[in-house]
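Heads up: the structure comes next, in C-alpha cells.
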2 protein chains.
Amino acid sequence: MSRGSLPQFDPGDRPAGERLPEATVSRLPVYLRVLAGMAERGVVTVSSDQLAAGAGVNSAKLRKDLSHLGSYGIRGVGYDVDYLIYQVSRALGLTQDWPVVIVGAGNLGRALANYGGFVTRGFRIAALLDSDPAIVGSRIGRVAVRHSDELEDLIVRHKVAIGVIATPGGAAQAVCDRLVAAGVTSILNFAPVVLNVAEGVDVRKVDLSIELQILAFHAQRRSAERNGPPSEDELRTVSEGAGLPSVPGGASRLSTAAAVPSAAEA
Amino acid sequence: MSRGSLPQFDPGDRPAGERLPEATVSRLPVYLRVLAGMAERGVVTVSSDQLAAGAGVNSAKLRKDLSHLGSYGIRGVGYDVDYLIYQVSRALGLTQDWPVVIVGAGNLGRALANYGGFVTRGFRIAALLDSDPAIVGSRIGRVAVRHSDELEDLIVRHKVAIGVIATPGGAAQAVCDRLVAAGVTSILNFAPVVLNVAEGVDVRKVDLSIELQILAFHAQRRSAERNGPPSEDELRTVSEGAGLPSVPGGASRLSTAAAVPSAAEA
DNA sequence: ACGCCTTTGTGAACCAATGCACAAAGTCGT
DNA sequence: ACGACTTTGTGCATTGGTTCACAAAGGCGT
Ligand SMILES: NC(=O)c1ccc[n+]([C@@H]2O[C@H](COP(=O)([O-])OP(=O)(O)OC[C@H]3O[C@@H](n4cnc5c(N)ncnc54)[C@H](O)[C@@H]3O)[C@@H](O)[C@H]2O)c1
Ligand SMILES: NC(=O)c1ccc[n+]([C@@H]2O[C@H](COP(=O)([O-])OP(=O)(O)OC[C@H]3O[C@@H](n4cnc5c(N)ncnc54)[C@H](O)[C@@H]3O)[C@@H](O)[C@H]2O)c1
C-alpha cells in the first residue's frame, strides 16, 4: 500500500539506463492487462506467482521482466497493483496519448475503427482514410472517413507517430512509403505483404493466414505422432493420412507440381 | 528445371526425423507467400539471396531454415520455385484442407468471414457461429451464421481441428473450453484475454492493442534518444516531454495513481 | 572435357532468452 | 523484540536462435 521504505518520490530505481529486452517488452502489455483487471476487482497487492498465473507465464520470468523496470516489489508481500500499473505504463510509453491513423476503411479498417479496446489504452484514432470516393465522408463509430489525399497533412497536423495499414496488399507498400515520408516511424501492417522500410522505422505485422498456417503445422505434427510414433523407416507415408481432413490433390512428386493454389490474395 | 540429379521420386531427404525449430516454422509461411508471388510472375528459379530479400530476412537464415526441410537447392543455381513451394507446403501441412470454425460474428468475425486470403491457402470456413439470435441466419459472404449451440455438433461432423475465437473477452474462455472439449486442438484467439488450456492444445493470439503498445514503446524510445541522448543524471524528466504528443495527466507519483484508464475492454 | 564461377549447406562463434534455485529482504504474529 | 515465513531479485547453467564465413557442389561457358 504505502510504498514503505522506497527512496520516496517516484524513484525510477533503474531509470533509462539499460534497454528492455525485446521479449520483455512484448510481455509487458499482457501484464498490464491482467493488472488492470485486478485493479478493477479491487485487488491491492499481487505476488509474482499470482500475476504470472494470470498472464500465463513462468513466475521467474515475470520477476525478471519486472526487475528490468526497477525494484518495485516488496519482499514477503508482492507488488502494489496500482503502482505497478503506473510503472509498466510508464515503461511502455503509455502515460502519453498516441494519435493513430488508419489507412483503408474496408471490412477490417471499419472493424478496427469500431473497436473499443483501441481507445481504452492511450490510443486515439486521429484519422481514418480511404481512397474510394464512395466511402469517403461516411462515418464509422465516431470517426469520419477522409480521403487518403489528406494523409500527409493529417499526419503532420496531428503529430501522428503510429500508422495502421488496412488496405489491400497491392497498395500497402505505397501507403507505407507515404506514411514514412510524412514522419510516421511505427507501422502496424495487416496487409499480407512484406514491407520495405528505411532503417529506424518499426514495422509490425498482423497476419491471419500466417497464424493459421502455423497452427496447421502444429496440428499436423500432433496428429501425425498420435497416429503413428515417427518410426525410423516410414519416409513418404508419414505426410499422407496424417491429418483428420481429406487430402485434395494426391501430392504428385515432380518439380512441376504447383501444390498450392497460388493466387496472390487481394 | 528438371530436378537434375536428385535421388528421384520425392526424396524427402530429411523426412520426419527432426523437429523444425519454432522460429523456422513461423517464417515458412512468409517464404511461401513470396514464392507464390514469384511463381505467378513466371519465375522458375530463385537464389537464397533473392528469396531472402523478398522475405526481408538474412539469406543465411533462409538457407538454414530450408535446410531443415531437406536439401532441395541446386548449388550454383538456386531453388526451383514450384518444387520449393510444394516442399514448404508439405512441411506446413498445407497439402491437406483444413476446415475452420469461427466463433463470434461481430465486426471482426464478419471481416474474417469475408476475407479472401482465408480460403486461398488450404483453409475453409466450415462454420460461423454466434449466440445472438438476431444475427443467426444471416449470411456473410458465402457462409451462413449458425447458432453457437451447434458448436459441438458442427465440429465433430466437419472434423474441425482449428477454431477462431472472435467473441468479446468475457465469453472467450467459455468458448475455448467448449472448442477443446469438442476436439479442437488449435485455437486462434482475437479476444484480449489469456486463455487457459490443457496441455497439448495450441493457442495463438492476435492482439491489436498489444501490438500498438509495443509500437508505442519503440516510438517513445526513439523520440527519447533523439531529443536527448540518455545522459546520466536525468531521472524523471526523461519520460516526460519525450514523445511528440501531449501528456494528459501529469503522472502523479504515489501509489494511488492509477495512471491507466483501467477499463476492461469489452 | 575442363576449369571457372556461382550458390548451397553447415560448422562454429556469438547473442538472447528461459528457468532453476537460493540468498537477502522484509512482513507479520506473538 | 524477535524469529518464522513469505516472496523478491538475480547468478548461473541451459537452451534456442542468429550470423559469419567457407568448403564442397555443381552448372555453364569455352
Ligand atoms: N478482413 C480480414 O479479416 C483480414 C484478415 C487478415 C488480413 N486482411 C488484410 O487486410 C487488408 C484489408 O482487408 P479488408 O478485408 O478490409 O479489405 P477491403 O477490400 O474490404 O478494404 C480495403 C480498403 O482499402 C481501400 N484502399 C485501397 N487502396 C487504398 C489506398 N491506396 N489508400 C487508401 N485506401 C485504399 C479500399 O478502398 C478499401 O476500402 C487486406 O490487405 C487484407 O488482405 C484482412
Ligand atoms: N474489432 C476489432 O478490430 C478488434 C481488434 C482486436 C481485437 N478485437 C477483439 O475481438 C473480439 C470481437 O470483436 P468485435 O469487434 O467483432 O466485437 P463485436 O461485439 O462486434 O462482436 C462479438 C460477437 O460475438 C458474439 N458472441 C458473444 N458471446 C458469444 C458466445 N458465447 N458464443 C458465440 N458468439 C458470441 C456477439 O453476439 C457478437 O456478435 C473482441 O474480443 C475484441 O476485443 C476486435
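Throughout, a chain's letter reflects where its sequence line sits, starting with A, and its residues are numbered from 1. Remember, it's a predicted structure, so these values are computed and weren't measured experimentally.
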To the closest 0.5 Å, what do you measure between CG (Leu94(A)) and CZ (Phe123(A))? 5.5 Å

Look up atom NE2 in His218(A) and atom CG in Leu20(B), then write down how far apart they are to the nearest 0.5 Å.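 Nearest 0.5 Å value for the NE2-CG distance: 9.5 Å.
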
Let me check the geometry of the helix from dA1(C)-dT30(D) to dT30(C)-dA1(D). What is the bend angle between the axes at its two ends, five pairs each, to 10°?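 What I find for the helix from dA1(C)-dT30(D) to dT30(C)-dA1(D) is an axis angle of 10°.
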
Between dC20(C) and Asn58(A), is there an OP1 or OP2 to side-chain N/O distance shorter than 4.0 Å? yes

For dT10(D), take OP1 and OP2 only and decide whether either is under 4.0 Å from a side-chain N or O of Lys64(A). no

Rounding to a whole Å, what distance do you find between [X]:[atom1] and [N]:[atom2]?
{"X": "Gln50(B)", "N": "dT6(C)", "atom1": "CD", "atom2": "C1'", "value": "12 Å"}
{"X": "Asp65(A)", "N": "dT18(C)", "atom1": "CG", "atom2": "C1'", "value": "10 Å"}
{"X": "Glu22(B)", "N": "dT18(C)", "atom1": "CD", "atom2": "P", "value": "13 Å"}
{"X": "His68(B)", "N": "dT18(D)", "atom1": "NE2", "atom2": "P", "value": "10 Å"}
{"X": "Arg27(A)", "N": "dA16(C)", "atom1": "CZ", "atom2": "P", "value": "15 Å"}
{"X": "Leu66(A)", "N": "dA17(C)", "atom1": "CG", "atom2": "C1'", "value": "16 Å"}
{"X": "Leu84(A)", "N": "dT8(D)", "atom1": "CG", "atom2": "C1'", "value": "13 Å"}
{"X": "Tyr72(B)", "N": "dT7(C)", "atom1": "OH", "atom2": "C1'", "value": "19 Å"}

Side chain to side chain contact (heavy atoms under 4.5 Å, CB included) with Val77(A): which residues, sequence neighbours excluded? Thr45(A), Ile74(A)

Residue list, side chain to side chain donor-acceptor pair (under 3.5 Å) with Asn196(B), at least two apart or on another chain: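 For Asn196(B), no residue satisfies side chain to side chain donor-acceptor pair (under 3.5 Å) once neighbours in sequence are set aside.
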
Please name all residues satisfying side chain to side chain donor-acceptor pair (under 3.5 Å) with Asn58(B), sequence neighbours left out, ordered by chain then number.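 Result, side chain to side chain donor-acceptor pair (under 3.5 Å) vs Asn58(B): none returned.
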
Per-nucleotide protein contact string for nucleotides 2-7 of chain D, where B marks a base within reach and S marks sugar-phosphate only (heavy atoms under 4.0 Å, - for neither): ----BB

Provide the full list of salt bridge (Lys or Arg N to Asp or Glu O under 4.0 Å) pairs with a residue in residues 208-217 of chain B, sequence neighbours left out, each pair given once.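 Of all non-adjacent pairs touching residues 208-217 of chain B, those that pass salt bridge (Lys or Arg N to Asp or Glu O under 4.0 Å) are Arg204(A)-Glu211(B).
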
Over all strands shown, is Ala23(B) touching base, sugar-phosphate only, or nothing at heavy-atom distances under 4.0 angstrom?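 Answer is sugar-phosphate: Ala23(B) comes under 4.0 Å of backbone atoms only.
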
Would you say the ring centers of Tyr79(A) and Tyr72(A) fall short of 6.0 Å from each other?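 No; Tyr72(A) has its ring centre 6.0 Å or more from that of Tyr79(A).
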
Looking only at side-chain N and O atoms, does Asp49(A) offer a donor or acceptor that is under 3.5 Å from a partner on Ser59(A)?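 There is such a pair between these side chains.
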
Exactly one of Ile187(A), Val175(A), Val203(A) clears side chain to side chain contact (heavy atoms under 4.5 Å, CB included) with Val180(A), and that residue is Ile187(A)

